[in-house]
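Taking it in order: structure first as structure tokens, then the write-up.
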Amino acid sequence: MKKIEAVIKPFRLEEVKEALAEVGVEGMTVTEVKGFGRQRGHTEIYRGSEYTVDFVPKIKVEMVLSDERCEPAVAAIVKAARTGKIGDGKVFVSAVETAVRIRTGDREEAAL
Amino acid sequence: MKKIEAVIKPFRLEEVKEALAEVGVEGMTVTEVKGFGRQRGHTEIYRGSEYTVDFVPKIKVEMVLSDERCEPAVAAIVKAARTGKIGDGKVFVSAVETAVRIRTGDREEAAL
Amino acid sequence: MKKIEAVIKPFRLEEVKEALAEVGVEGMTVTEVKGFGRQRGHTEIYRGSEYTVDFVPKIKVEMVLSDERCEPAVAAIVKAARTGKIGDGKVFVSAVETAVRIRTGDREEAAL
Amino acid sequence: MRGFSLTSRTAGKLALIGLLLGGLAPVAQAADEATISSGDTAWLITASALVLFMTLPGLALFYGGLVRAKNVLSVLMQCFAIASVMTLLWVVYGYSVAFSTGGMEQGVFNLNSLVGGVGGMFLRGIGPDSVSGTIPEAVFVMFQMTFAIITPALIVGAFAERMKFKAMMLFSVIWFTFSYLPVCHMAWAGDGSLFGDLWGVLDFAGGTVVHINAGIAGLVACIMVGKRLGYGREPIPPHSVPFTLIGASMLWVGWFGFNAGSALKADGSAGMAMLVTQIATGTAAVTWMFMEWTFRGLPTAVGIATGAVAGLVAITPASGTAGPVGAILIGFASALICYIAATKLKARFGYDDSLDVFGVHGVGGIVGAVLTGVCASTALQGVGYAEGVGMGAQVFAQIKSVLVTVLWSGGVSVVGLFLVDKLVGLRANEEMETIGLDLTEHGEEGYHLA
Amino acid sequence: MRGFSLTSRTAGKLALIGLLLGGLAPVAQAADEATISSGDTAWLITASALVLFMTLPGLALFYGGLVRAKNVLSVLMQCFAIASVMTLLWVVYGYSVAFSTGGMEQGVFNLNSLVGGVGGMFLRGIGPDSVSGTIPEAVFVMFQMTFAIITPALIVGAFAERMKFKAMMLFSVIWFTFSYLPVCHMAWAGDGSLFGDLWGVLDFAGGTVVHINAGIAGLVACIMVGKRLGYGREPIPPHSVPFTLIGASMLWVGWFGFNAGSALKADGSAGMAMLVTQIATGTAAVTWMFMEWTFRGLPTAVGIATGAVAGLVAITPASGTAGPVGAILIGFASALICYIAATKLKARFGYDDSLDVFGVHGVGGIVGAVLTGVCASTALQGVGYAEGVGMGAQVFAQIKSVLVTVLWSGGVSVVGLFLVDKLVGLRANEEMETIGLDLTEHGEEGYHLA
Amino acid sequence: MRGFSLTSRTAGKLALIGLLLGGLAPVAQAADEATISSGDTAWLITASALVLFMTLPGLALFYGGLVRAKNVLSVLMQCFAIASVMTLLWVVYGYSVAFSTGGMEQGVFNLNSLVGGVGGMFLRGIGPDSVSGTIPEAVFVMFQMTFAIITPALIVGAFAERMKFKAMMLFSVIWFTFSYLPVCHMAWAGDGSLFGDLWGVLDFAGGTVVHINAGIAGLVACIMVGKRLGYGREPIPPHSVPFTLIGASMLWVGWFGFNAGSALKADGSAGMAMLVTQIATGTAAVTWMFMEWTFRGLPTAVGIATGAVAGLVAITPASGTAGPVGAILIGFASALICYIAATKLKARFGYDDSLDVFGVHGVGGIVGAVLTGVCASTALQGVGYAEGVGMGAQVFAQIKSVLVTVLWSGGVSVVGLFLVDKLVGLRANEEMETIGLDLTEHGEEGYHLA
Ligand SMILES: Nc1ncnc2c1ncn2[C@@H]1O[C@H](COP(=O)(O)OP(=O)(O)O)[C@@H](O)[C@H]1O
Ligand SMILES: Nc1ncnc2c1ncn2[C@@H]1O[C@H](COP(=O)(O)OP(=O)(O)O)[C@@H](O)[C@H]1O
Ligand SMILES: Nc1ncnc2c1ncn2[C@@H]1O[C@H](COP(=O)(O)OP(=O)(O)O)[C@@H](O)[C@H]1O
């Protein structure tokens, strides 16, 4: 099994979710994160002081899936999340050894 | 070393924490996440518009531990987090290569 | 490629970011998390009731980088995040198989 | 309009105060001449706005901040809905039942000593030129309405985070009708009323009518509805202490309308009511702060705000008769005793009075009602007692009114909740409670901050 | 001060009410004697503070809570900036253009029936001893200023979350000058004014002047500015419903200044205005709640608050002439019709009136304006009609004033927005809208909670 | 009550205004006849409520929003605790020391020109029938109390996020006793007082007494307590700008009580005070907005709110004597100069005045105090000078009072803070500051939103 972690622009979440559904991904976990990268942040002004915030709001989408579903899912994410502008984000894939569904105790692919 | 990531229902956190303590897990990191899966979300109504929120609040618990502690920990989580209803969540296990305790520089098992 | 996950004290983030920049890390993703470990939490009082919060606010910094950059980055984090007091946090390293830059479709090292 | 006279609380209270103040002109006649004072009217309009402000948004925020984020809207909504429904009920029959004086006679006990008639339904006969004392009767109706709104709203703090909205609404209507209106009548309907006239009870702004009345209903309700899931086992911290402090501040400021407004004039009595209200509140807040500092090690924000409210509650019945020193005494005693009620008593008996309605309003109201009898004494800068009445007799009268209110409100609450439970069930089910009432009862979430 | 007389709304309105009330002393003369009533002044100072409170922070919060967190400051800032700029404009020329009576004559239609002159710029000639009716003219200037502030502020709800700050400011200045001031003059400038005098329109506190005027501008603006990105496709939930409820509560409380203040005296008319305001509001809130409960399955917090505002809007023009039963009718009708406007009509025609400025203020204002003609009837506890006027004629006059206001405000809005678009562009670009106006237009974020 | 006369600020100020207004009846006698005006009383009760509202929750929110989330409760708590403690101190000795006139004589300088006696401790002798001018003395005591509350509360903004609660409380008590009370006495105690009588200083509502007094204490305190950890290196953004804007709005609205209330009557002077307050505030807000827009590229919400407060501060001493045009001038100048103080000056000298107490209240207070001398001129629509006094002389008197206040408050602050530092230490330790004062000093967290 593989775990895909995608860091995307927040307003693409809906599209990514739909694209994933189309390739059969039925579960995922989403986290609000802050990204730091090429995309520059913004400047804030409060009376005397002005400062730069380098971190940009991003959404991290995580899902675990069977090996064969991995590449289609990656492709779907890349397509749905792309705007073509700096800061579109990244997709990372790593190996997962075990998965358990808490409710049933099902293991591995059956748990997803 | 292994890393366990468990996505659970928020109100089971206390139980999971206690169950983990019993099997000797002394450290963990917890994140508020939103889950998407079989469990349906809810409908919200604001004047003219009504819409469905598919994402459900969940808690992700992460911990790194030595290989031999892994299975008991997984078992403890599954037991403590289970309510038997859809949406109880998942447990995933993957491999970790290195661990460092920042305060001391201790490495691997000693860092946990 | 490796993924580094560091759990640090929130007020060390700026230092860690700068230290990483010095060893050439140009992208990272940051999450607000709660940590549970040796560092004790705090007590809160609300009228009749008094209770202990075991979870301590932490920041999780994640980055994926090429194998050779990994050790210098770990060292930089450890140095920048250390205060010497309990609760300084941990660094974990694991393997990553694939990386994609969404904007360009670049893969692996080129995506970072 | 037979059986329904305009002479009302104004007359009753003013007569009493007039008696007490002695030297002043015979104000009891004021109700007879139909002259409007623009100054008194200006103040009473403002006072009415202030008392409504206490509920919306004052109380709503004070309570809303103390619950968990998943229930914040349920509390705000309850306050809003009560304010709206009570407005209607007050117009339809409430004002009439509370303040009509038909059948009442000075010094005579009969049914109308307890409750008024329904001759004035829909405010029949009240126009822009109707006068009550020195203010338009429309303003008196409005001012009293704001009291009829806040009192049931106070109760919702006791069963917050678990009672069904529908059940809450039904209970509020029942309790308003059978407990608020009669107790209000007994205290303030004027000649022939049980507390105000027959027993000579001093309740300037609503110790019995508002606070004890609501506090007891809260106690009964939190017991009958049952504890929140996880109560005592897991932390149930306030989701926004700033809201609670904003709410407490608004209660504090609005309370000047409540207490100084109850003079029904912009005069020295109103001025002194305002001043003693401030003094008792400040004293109670400081007292609570030091109690916590001493016994808990830290002074807390929720604590000082609670102390302030305890002081506000306790000075309410006394605000027309106590002086500065009496106010200090009342503020100190109320904070001391409410602190014990909200921390020890509740823990001891294990009821889940979520936001301490009984601990603060019930207990604070009783402390205030009794001490009102003490602090009217000129020895404590008070205005003194009615002729022939001493401190002992006054305190005894106060205690009698407390007991009647406790029993009356308690009885109505038990029966009312029992009926509502049979009809629609009192309590949200476990899943609703776990998810939160905002989503399950109102289809909304308080915040979408990201 | 030639061409600029102190006789103003006071006289016009009081004369009318005087006529209606019949039996009272000939108040029309009041404007001539320069005697200040401290009671009336006390109330009007307070009322002015209350009406400012409606905008800051009332409306700002009501609206601010309904937008997404990334735009909360843009809304608050717009309300703040409008309040500040309108203050200046009011002093420089607004008060003069709205209320100067030069060239006006009772019963005569001429240019000055529509708009006043600029002889009173910079409040020339107004000192601490200037009198208007029974209050200092400074207070009248101030009271009216608060209306001139809230009206353009109401409009910002329609184009929230997407209009440029600069464009919003320019449009507000234009609209204020060419729509608010004339409509205000027509309604309230006294003898010779189109609505108030020539047509005998009843608009006690601003149904046409404030609500219809702003509501129509909002409708035009939201259409011309265009829909928000993602409107209809993705959820745009309120970021803080508690803020919206606090804001609604403050509007409610402040509205007593608006309506009861419009009596310009602390008298029975003010008192009744307060009471009917409360009654209509409570009724509308309850009505909206039950509509939602019935048709949506759940009563919502945003819903009950919206209902309350709809009731407040609709009772505004009627608050000086309707009685309790009329208020119930107006409250019920306004909630019913606004509910349909804000849910069905908007969905049907697909305009993105973000915070329902048209649906609540426009529609509610029209409902209220028309029903004002009905509820003045003594059969509904109203104060009755002017001599020789029947319900039909009155309703017809009301409708005429509604139509003029709709056309006038609509016309000014179309032209104004067209010009502003040419000058600076109406709308923030896509990136700004996506990131949010707080950061891109004001360099700030609403919250840093972590 | 020997050595303690009821004649107080009322008399002093009214005499002056009476002199200035010339034509009016000799109001100086008003204090002698014990007749209460219900209109004046209605307004002053309301005004007192408004001024308390400025502190709770106005100032608390304005400040609370500007600090980080981890310190929000510490700020709210400080405002609450100061309000409570000052209430008690005011009753026990404050009112007496500030307003007793024993030993004072018109035109004569002696110790009692600087400070009053303690003959009126515990408000001895003040009952519901005590009169001050045309209002009950209880109301005057209350009104002045609200000033005595807000002034020390203003200071806490300077050392926010780092001073110990215990140290803050001790310092507040010392500073209140030795700086607030004397300066208040010098300005407002009537015949024989240094500023008000001997120097003929115009300070209608507290430029010296409140704003300069507090502003200087803030400057001294923030320097002596030291900078926040990370100040200048890491961002310290406001945690809730909406709170700050709500707070600023409440300050704005409440300020009408402050300024128009200071007329101590509901008359033309009060009305004009309200109007000029509004004008100066609007002007200052607009000015600040355009300054930022020009020099920073964007107009900010925190900026416009700060501008409004600067205008409110600066018009305060002038509100009884300036006219509309003067108000525009004062509003413009104060925003301009405070903008420079809060952005450039602070950066230049590197002190960490967390919430710009000195930059806004100190500097704005000085600008206002000086310009009060200018804008009283009839050439600027002002009420004119006392006989024989020209603009130069008046401005000179104003400057003298500023200097005395600066030195007095500065001296008391230095000594007070030094003592408190020795006694309990001024500053929270590093760990407490890092974790936040809410948890470490009060055992609470502001928010539990999840
Ligand atoms: N090496 C990395 N490891 C983890 N996350 C990264 C890394 N580099 C970038 N990111 C995440 O991806 C986001 C987008 O990266 P950025 O460099 O801004 O643009 P782009 O994706 O177009 O190259 C960042 O905000 C950050 O959250
Ligand atoms: N494939 C997956 N990868 C990662 N997280 C998942 C996956 N499937 C489900 N989850 C997480 O587990 C939660 C529960 O899953 P769900 O399908 O609702 O119920 P159940 O766990 O009972 O099967 C989801 O809300 C989501 O957070
Ligand atoms: N086994 C673990 N797995 C994952 N995270 C851990 C683990 N142990 C500790 N942590 C994280 O590291 C933080 C610091 O650990 P703690 O035991 O408090 O102090 P120290 O790092 O000094 O040993 C914890 O708050 C938690 O977030």
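First the proteins, then the strands, lettered A, B, ... as listed; each starts at 1.
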Residue pair F:Leu61 / D:Leu245, side-chain heavy-atom distance below 4.5 Å:
no
Using the rule given for side chain to side chain contact (heavy atoms under 4.5 Å, CB included), can you reason through D:Met250 versus F:Leu56, listing the C-alpha separation, both sets of side-chain angles and the distance that settles it, and then say yes or no?
CA-CA 7 Å; D:Met250 290 174 169; F:Leu56 296 179; over 6 Å; no
Tell me which of these, D:Gly323, D:Ala69, D:Ala301, has more heavy-atom pairs under 4.5 Å with chain F than the rest.
D:Ala301
At a heavy-atom distance under 4.5 Å, which candidate from F:Asp438, F:Ile149, F:Ile246, F:Val91 has the highest pair count against chain D?
F:Val91
Let me confirm one number: the OG1-CG distance from D:Thr287 to F:Leu88, rounded to the nearest 0.5 Å.
7.5 Å
Considering only heavy atoms and a distance below 4.5 Å, find which of D:Gly282, D:Ser249, D:Ser240 pairs most often with chain F.
D:Ser249
What option among D:Ala260, D:Gly297, D:Gly65, D:Gly271 has the most heavy-atom pairs under 4.5 Å with chain F?
D:Gly271
Between D:Lys265 and F:Ser38, is any pair of side-chain heavy atoms under 4.5 Å apart?
no
Between D:Trp252, D:Phe256, D:Phe243, which residue shows the highest count of heavy-atom pairs closer than 4.5 Å to chain F?
D:Trp252
To the nearest 0.5 Å, what is the distance between CD1 on D:Ile279 and CE on F:Met145?
5.0 Å
Pick from F:Phe53, F:Trp90, F:Trp43: which one has the most heavy-atom pairs with chain D under 4.5 Å?
F:Phe53
Which is it for F:Ser48 and D:Met274 under the side chain to side chain contact (heavy atoms under 4.5 Å, CB included) test, yes or no, and what are the steps along the way?
CA-CA 9 Å; F:Ser48 304; D:Met274 178 178 218; 3.6 Å; yes
